Amino acid sequence: MEDIRVRIAPSPSGNLHVGTARTALFNYLFAKKHGGKFVLRIEDTDAERTSQEYIDNIFDSLKALGLNWDEGPDVGGEYGPYTQSERFDIYPKYVQELLDKGFAYECYCTPEELEAEKEEAAKNKKAYVYSKKCENLTEEEKAKLRAEGRKPAIRFSVEKAQKAFHESPIVHFDDLVKGNLHQDTSLIGDFVIMKSNGSPTYNFAVVIDDMLMKISHIIRGEDHISNTFKQILIYEALGAEVPKFGHLGMILAPDRSKLSKRHGATAVSEFVEKGYLTDALINFVALLGWAPSDGVEIKPVDEIAADFRIGEVSSSNSIFEYDKLNWMNSQYIKMLDIEDLKEKLKPFLKDYDLSSLTDEQYTKMVEITREPLTLLSDITNDAKYFFGKDVEIDPQVQADVLDTEVSQDVLKTFLEQAKDWEWTEENLHEKLEAFRGFYKEKGIKPKVTMWAIRAAVTGRTRGADMVGSLEVIGKDTTLYRVQKAIK
RNA sequence: GCCCCCAUCGUCUAGAGGCCUAGGACACUUCCCUUUCACGGAGGCGACAGCGAUUCGAAUUCGCUUGGGGGUACCA
């Protein structure tokens with residue numbers, strides 16, 4: 001069997017989009033599953049919208065997601081260069097080949113002429129198909145047009161290619177995920193493969209690049225289905241082997257429109273900034289269109305790869321809902337090694353003086369606050385009361401909890417007793433339990449007793465484990481805060 | 001307008017003619033656990049878009065309708 005080679009070819013006109021990340025993932029999974037190569041090619045043809053910053057973002061995001069490529073701009077490879085702008089001089093040769101074979105011709109039409117044709121088609125409710133008026137220009141006519149200063153674009157002759165390689169104008173191909181797909185090529189129209197300024201168009205450049213890079217399977221979004229027929233014809237006209245194609249459904253926003261900025265984060269890097277773990281993100285995105293055979297949804301990419309079958313990928317679009325992503329992120333946070341978690345949480349604790357805690361205390365803090373985290377960024381609010389001498393008291397808590405007679409009594413008693421306590425986890429646990437018992441006998445629920453203390457020390461009624469919290473906050477600060485809460 | 005793709009709970013999906021009174025996950029919800037919140041555990045709610053056809057039998061096959069998405073560039 002031929003060598004399996006797949007690729008992801010992002011255009012650096014923005015940060016790596018989750019949709020692109022999913023396409024990259026499926027290509028990666030396919031390569032891993034079949035022992036093939038995963039190639040990264042940067043399609044930076046559109047100089048206007050391209051920037052180095054975006055290229056770096058794409059590299060970094062892909063790496064963060066664990067989608068490492070075997071060949072690419074940075075690591076090189078046998079079939080480079082892998083940056084499209086560096087491949088400009090290789091396209092003319094193939095344009096010439098097509099011209100020589102009669103599968104392409106020069107077109108001198110002006111934008112105005114083309115526009116008129118389109119309007120005419122729209123008026124007649126017909127699909128717009130280029131008139132081919134330049135297809136049979138004589139050398140004299142071309143020379144005349146050139147003398148006027150016109151520069152030709154090169155068009156691909158769809159009909160000639162179709163007739164040379166297909167009996168019917170209806171061209172078919174067997175899609176890896178969607179099955180048999182077809183298109184009436186007479187509706188395509190002779191498209192431009194090289195612009196009058198000499199640069200290749202997308203449909204032409206991808207074919208040349210994929211052909212030269214020996215890409216065997218092209219897995220991409222279904223927005224490319226209509227391009228596929230054009231590309232197949234080009235491969236054939238060039239006498240090249242046509243790769244296998246697989247088209248994935250798109251990822252849509254909850255309102256079923258294209259996932260864009262107004263729906264929140266779209267770039268992988270934005271998700272990371274928001275506190276998502278790349279492992280959770282990639283796992284979540286894998287589940288959009290693919291289901292594990294054993295029903296276990298949380299699993300690392302290498303296990304997904306072993307279970308992956310491109311033919312089982314759903315051919316319909318899927319909606320990107322945060323609920324499940326959030327749940328998955330919380331699950332991944334729970335699975336994180338404590339030292340790893342401590343590091344990953346730091347960016348979200350940058351506003352606090354972490355040096356005020358010993359490593360032991362920081363570890364303890366993370367241990368007792370990690371449980372409810374959905375996003376790493378939740379720690380910013382959840383850990384607030386572990387820092388500083390004073391604590392911010394929620395007004396509602398002040399009124400509902402601290403201002404009550406019972407609470408005031410609890411606090412006074414606590415202050416009295418606690419000043420003699422030894423501030424260790426074990427002792428705190430014991431003393432607090434006795435303390436609750438003491439009030440319970442007086443008819444005060446343990447919950448109420450603890451609320452008073454929690455409110456005074458943390459300013460809230462909910463939060464991390466009390467014993468651990470008091471331990472990390474320390475005796476001095478605890479007593480100070482309780483004292484301040486007493487009227 | 002024209003062309004193409006898609007269609008199972010709110011969402012992601014399992015299901016490839018009888019195993020389906022349609023299974024799982026998230027969300028929602030009830031209860032349990034509990035010093036709070038949470039975590040966790042046990043339940044509940046909840047779908048085959050509609051209509052025809054094929055068949056002894058259809059979520060599964062076919063057609064139409066409807067709905068959604070994509071494409072229609074000298075953008076990628």
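Every chain is numbered from 1, with letters handed out A, B, ... down the list of sequences. Just so it is clear, the structure is predicted and the values come from calculations on it, not from any experiment.
Nucleic acid contact for G289(A): sugar-phosphate only, since backbone atoms but no base atoms lie under 4.0 Å from a heavy atom of the residue. H182(A) comes within 4.0 angstrom of sugar-phosphate atoms only, judged by non-hydrogen atoms across all strands, and of no base. In this structure, K445(A) reaches neither bases nor backbone, as no heavy-atom distance under 4.0 Å exists between it and the strands shown. Here Q331(A) lies in heavy-atom contact (under 4.0 Å) with sugar-phosphate atoms only. Among the heavy atoms of the strands lying under 4.0 Å from R155(A) are primed sugar atoms or P, OP1, OP2 only; no base atom is included. N326(A) comes within contact range of no nucleotide atom at all, as no heavy-atom separation falls under 4.0 Å. Residue-level contact check: K195(A) touches the bases, meaning some heavy atom is under 4.0 Å from a base atom. Using a 4.0 Å heavy-atom cutoff across all strands shown, A291(A) reaches sugar-phosphate atoms only and no base atom. Nucleic acid contact for E297(A): base, since at least one base atom lies under 4.0 Å from a heavy atom of the residue. Heavy atoms of S315(A) sit under 4.0 angstrom from primed sugar atoms or phosphate atoms, though from no base atom. Here R256(A) lies in heavy-atom contact (under 4.0 Å) with sugar-phosphate atoms only. Using a 4.0 Å heavy-atom distance criterion, D184(A) is classed as making no nucleic acid contact. In this structure, T461(A) reaches the bases: a heavy-atom distance under 4.0 Å links it to at least one base atom across the strands shown. Counting non-hydrogen atoms under 4.0 angstrom, K123(A) reaches nothing in the nucleic acid.
Here the range on RNA chain B touched by chain A, meaning any atom under 4.0 Å from one of its heavy atoms, is G1(B) to A76(B).
In a base pair of the Watson-Crick type (N1 to N3 plus N6-O4 or O6-N4) or a G-U wobble (N1-O2 and O6-N3), with each distance short of 3.5 Å, U72(B) is matched with G1(B). Nucleotide C28(B) forms a Watson-Crick or G-U wobble pair with G44(B), both donor-acceptor distances falling under 3.5 Å. Across all strands shown, nothing is found opposite A14(B) as a Watson-Crick or G-U wobble partner with both distances under 3.5 Å. When Watson-Crick and G-U wobble pairs are counted only if both distances are under 3.5 Å, G67(B) pairs with C6(B). Base pairing of U54(B): no nucleotide in any strand meets the Watson-Crick or G-U wobble criterion (both distances under 3.5 Å).
Of the P atoms belonging to G43(B) and A49(B), the separation is 29 Å, rounded to the nearest Å. One C1' atom belongs to A14(B), the other to U66(B), and the distance between them is 26 Å to the nearest Å. For the C1' atoms, the distance from U61(B) to C2(B) is 29 Å, rounded to whole Å. Comparing the C1' positions of U36(B) and C45(B) gives an interatomic distance of 29 Å, to the nearest angstrom. For C26(B) and G40(B), the P atoms lie 9 Å apart once the distance is rounded to whole Å. One C1' atom belongs to G57(B), the other to C20(B), and the distance between them is 13 Å to the nearest Å. Rounded to whole Å, the P atom of G68(B) lies 29 Å from the corresponding atom of G23(B). Comparing the C1' positions of A7(B) and G63(B) gives a spacing of 16 Å, expressed to the nearest Å.
Residues K132(A) and Y105(A) have side chains in contact (heavy-atom distance under 4.5 Å, counting atoms from C-beta outward). F156(A) places none of its side-chain heavy atoms less than 4.5 Å from the side chain of K230(A).
In this structure, L325(A) and N203(A) both approach RNA chain B, and ranking their closest nucleotides by distance from the 5' end singles out L325(A). Residues L181(A) and V192(A) each lie close to RNA chain B; by heavy-atom proximity, the contact nearer the 5' end of the strand is made by L181(A).
Remark: A253(A) pairs with D255(A), S257(A), L259(A), H263(A) by the side chain to side chain contact (heavy atoms under 4.5 Å, CB included) rule, at least two apart or across chains. Checked against side chain to side chain contact (heavy atoms under 4.5 Å, CB included), E392(A) has the following partners two or more places apart in sequence or in another chain: K384(A). Scanning for ring pair (Phe, Tyr, Trp, His ring centres under 6.0 Å) contacts around Y128(A) gives an empty result, with sequence neighbours left out. With sequence neighbours left out, H182(A) forms a ring pair (Phe, Tyr, Trp, His ring centres under 6.0 Å) with H172(A).
Of the residues in residues 366-387 of chain A, E371(A), P372(A) come within less than 4.0 Å of RNA chain B through at least one heavy atom, sorted by number.
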Next on the checklist: I'd like to know whether E222(A) forms a side chain to side chain contact (heavy atoms under 4.5 Å, CB included) with V177(A), so could you lay out the CA-CA distance, the side-chain angles of the two residues, the decisive distance to 0.1 Å, and finally the verdict.
Outcome noted: CA-CA 10 Å; E222(A) 69 174 23; V177(A) 349; over 6 Å; no

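Taking the charged nitrogens against the carboxylate oxygens, K442(A) and D409(A) do have a contact shorter than 4.0 Å, which makes a salt bridge. Ionic pairing of D209(A) and R7(A) is not present here: no N-O contact between side-chain nitrogen and carboxylate oxygen is shorter than 4.0 angstrom.
Using a 30° and 60° split on the angle between ring planes, F245(A) and Y235(A) fall in the perpendicular class, above 60°.
Y130(A) carries R155(A) over the face of its six-membered ring, with the cationic atom under 6.0 Å from the centre and within 45° of the normal.
One finds the CZ atom of R22(A) at 10.0 Å from the CZ atom of F284(A) (value rounded to the nearest 0.5 Å).
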